[in-house]
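One structure is given below, encoded as structure tokens.
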Amino acid sequence: MFRYIVALIFSISFSALGQTKQIQVDDVSIEYLDFGKGKYTFVFESGVGMGVNYWDSFLPFADRLNSRVIIYSRAGNGSSSASSKVSLERSLVRLEKLLFQLNAQDNLILVGHSFGGFHARNFAHNFVDRVSGLVLLDPSHELFQKELEAIDPEKAKNDNARLNSILKNQSEWQILQDIYTNNVLFPSQPTHNVPTVIVTSSQIGESDWWIGHSEKGKIAWRALHQELISNNSISTHIVTDKVGHNLPIQDPEFTFKAIKSVLKLVEGV
């Protein structure tokens, strides 16, 4: 996942469906795309430091969801302005206000990639009555660093220190580190109650040094994802070793099929 970070983290977003728009939400000018129409509204949350442009390869497929699609950049990402108030909670408040301004408040399906999975789950936890479904694409998990340290404490800590040196200036990275430190996110998982599709990349060796991409790391990754839906009878877990962490870029068609599959769960087909 690291080879895309430098190229994407500070880029300006232009999509295949036109230039992004801006809207003021509290202290932040939010960059967003809003297109399509249908019964459901898909809201996309990107990974650490990523904005709207992360989804450019996927956009032609997003238009085939036959639904309304909203993709936005959190504060400090893409072309959204920065804020001194960057946290999971502040992002939740901004997203809720953004959706209110865009008149998109019901029948929501949250799609979260990587770190964006925390934001999708957080929204579902706080506004469960407005969320019809969740799609988590290789999502981060609050216990992952703990699991990696159980495999090899020294290597896991050294690898994480290396990641910190690469991403120390990215404010969202610190949020992820704080979550890892606390080992907890919610008292109860929203993925136990909301129709949920989780996609796990089991591709080994995507990087040649990080323990998270080792065979044992991937086993822990897959198990944590499965735990998220262990008590949810309206869920699907898709595991693939054909695609790496950056699913929407590496295989947008596969990603589209995975996202669309949530509609069957939501509608009980």
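Here His113 and Phe44 keep their ring centres 6.0 angstrom or further from each other.
Here the CD1-CD1 distance, from Ile219 to Ile204, works out to 7.5 Å after rounding to the nearest 0.5 Å. Summarising the geometry, atom CG belonging to Leu88 is positioned 10.5 Å from atom NE2 belonging to His125; distances are rounded to the nearest 0.5 Å. Put simply, NZ on Lys39 and OG on Ser67 are 10.5 Å apart, with the number rounded to the nearest 0.5 Å. Expressed to the nearest 0.5 Å, how far OG of Ser207 lies from CG of Leu163 amounts to 8.5 Å. Taken to the nearest 0.5 Å, the NE2 atom of His245 stands 3.0 Å off from the OG atom of Ser114. To the nearest 0.5 angstrom, Lys264 atom NZ is 11.5 Å from Glu267 atom CD.
Side-chain contact check for Val93 versus Asp26: some heavy-atom pair is nearer than 4.5 Å. Between Lys242 and Asp251 there is no side-chain heavy-atom pair separated by less than 4.5 Å. Side-chain contact check for Gln170 versus Asn77: some heavy-atom pair is nearer than 4.5 Å. With contacts defined as side-chain heavy-atom distances shorter than 4.5 Å, the pair Lys168/Gln174 does not qualify.
The hydrophobic cluster containing Phe127 does not contain Val135, counting ILVMFWY residues as joined when their side-chain heavy atoms lie under 4.5 angstrom apart, directly or transitively. Linking ILVMFWY residues whenever their side-chain heavy atoms come closer than 4.5 Å, directly or via other members, places Ile23 and Phe123 in the same cluster. Taken together through direct or relayed side-chain contacts under 4.5 Å among Ile, Leu, Val, Met, Phe, Trp and Tyr, Leu65 and Ile71 form part of one hydrophobic cluster. Follow the hydrophobic side-chain contacts under 4.5 Å out from Leu95 and you never reach Leu176; the two are in separate clusters. Placement of Leu136 and Leu108 in two distinct hydrophobic clusters is found when ILVMFWY residues are connected by side-chain heavy-atom separations under 4.5 Å, directly or transitively.
Minimum heavy-atom separation, Gln101 to Gln24: NE2-O, 3.1 Å. A pairwise comparison of heavy atoms in Asn183 and Leu143 identifies O-CD2, 3.2 Å as the closest pair. Taking both residues in full, the closest heavy atoms of Val111 and Trp55 are given as CG1-CH2, 4.4 Å, listed atom of the first, atom of the second, then distance. The two residues Leu185 and Ile179 come nearest to each other via the heavy atoms CD1-CD1, 4.0 Å. Across Ser57 and Pro248, no two heavy atoms sit closer than the pair CB-O, 3.9 Å. Listed here is the closest heavy atom pair of Val194 and Gly133: CG1-CA, 3.6 Å.
When atom types are taken as modelled, the side chain of Thr196 and the backbone of Ser235 share no donor-acceptor pair closer than 3.5 angstrom. Distance alone, capped at 3.5 Å, is enough to place a donor-acceptor pair between the Thr255 side chain and the Leu247 backbone. A donor-acceptor pair under 3.5 Å is formed between the side chain of Ser140 and the backbone N or O of Phe115. In terms of modelled atom types and a separation under 3.5 Å, the side chain of Ser201 and the main chain of Val243 share a donor-acceptor contact. Under a 3.5 Å cut-off, the side chain of Asn164 and the backbone N or O of Asn160 do form a donor-acceptor pair. A side-chain donor-acceptor contact under 3.5 Å links Ser91 to the backbone of Ser87. Put simply, the side chain of Asn232 gets close to the backbone of Ile234: a donor and an acceptor are under 3.5 Å apart. In this structure, Ser80 contributes its side chain and Ser73 its backbone to a donor-acceptor pair below 3.5 Å.
Ionic pairing of Lys216 and Asp152 is not present here: no N-O contact between side-chain nitrogen and carboxylate oxygen is shorter than 4.0 angstrom. For Arg74 and Glu172, the salt-bridge test passes: some basic side-chain N is under 4.0 Å from an acidic carboxylate O. A salt bridge links Asp27 and Arg94; the closest N-O separation between the charged side-chain nitrogens and carboxylate oxygens is under 4.0 Å.
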**Q.** Verdict with reasoning, Ile175 to Phe118, per side-chain contact (heavy atoms from CB on, under 4.5 Å)
**A.** CA-CA 10 Å; Ile175 298 173; Phe118 285 140; over 6 Å; no
Practice problem: Give the intermediate values and the outcome of side-chain hydrogen bond (donor to acceptor under 3.5 Å, both in side chains) for residues Glu31 and Thr20. | Solution: CA-CA 6 Å; Glu31 171 194 37; Thr20 57; 3.0 Å; yes
Taking it one step at a time, do Ile211 and Ser214 satisfy side-chain contact (heavy atoms from CB on, under 4.5 Å)? CA-CA 5 Å; Ile211 188 173; Ser214 67; 3.9 Å; yes
(request) Kindly determine whether His192 and Ile229 satisfy side-chain contact (heavy atoms from CB on, under 4.5 Å), including the steps that lead there. (result) CA-CA 6 Å; His192 289 173; Ile229 54 173; 5.9 Å; no
(Q) The test is side-chain hydrogen bond (donor to acceptor under 3.5 Å, both in side chains); show your working for Asn126 and Asn122 and say whether it passes. (A) CA-CA 6 Å; Asn126 285 276; Asn122 195 30; 3.1 Å; yes
With side-chain contact (heavy atoms from CB on, under 4.5 Å) as the test, would you mind laying out the steps for Leu228 and Ile198 before giving the verdict? CA-CA 9 Å; Leu228 285 175; Ile198 294 182; 3.7 Å; yes
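Applying the side chain to side chain donor-acceptor pair (under 3.5 Å) test to residues at least two apart or on different chains, the pairs with a partner in residues 217-226 are Asp138-Trp221, Thr200-His225, Ser202-Arg222, Gln226-His237.
The side-chain contact (heavy atoms from CB on, under 4.5 Å) search around Asp106 returns Arg130, not counting sequence neighbours. Tyr72 is linked by a side chain to side chain donor-acceptor pair (under 3.5 Å) to Glu45, counting only residues two or more places apart in sequence or in another chain. Listed by chain and number, the residues in a salt bridge (Lys or Arg N to Asp or Glu O under 4.0 Å) with Glu142 are Arg121 (sequence neighbours excluded). Annotation: salt bridge (Lys or Arg N to Asp or Glu O under 4.0 Å) contacts of Lys155 (sequence neighbours excluded): Asp159. For Asn193, there are no side-chain contact (heavy atoms from CB on, under 4.5 Å) partners, not counting sequence neighbours.
Within a 6.0 Å sphere centred on CG of Asn103, heavy atoms belonging to other residues, nucleotides or ligands number 12 at most.
Judged by a 6.0 Å distance limit and a 45° cone about the ring axis, Arg68 is not positioned over the six-membered ring of Tyr40.
A perpendicular orientation is assigned to the rings of His213 and Trp210, their planes being inclined by more than 60° (bins at 30° and 60°).
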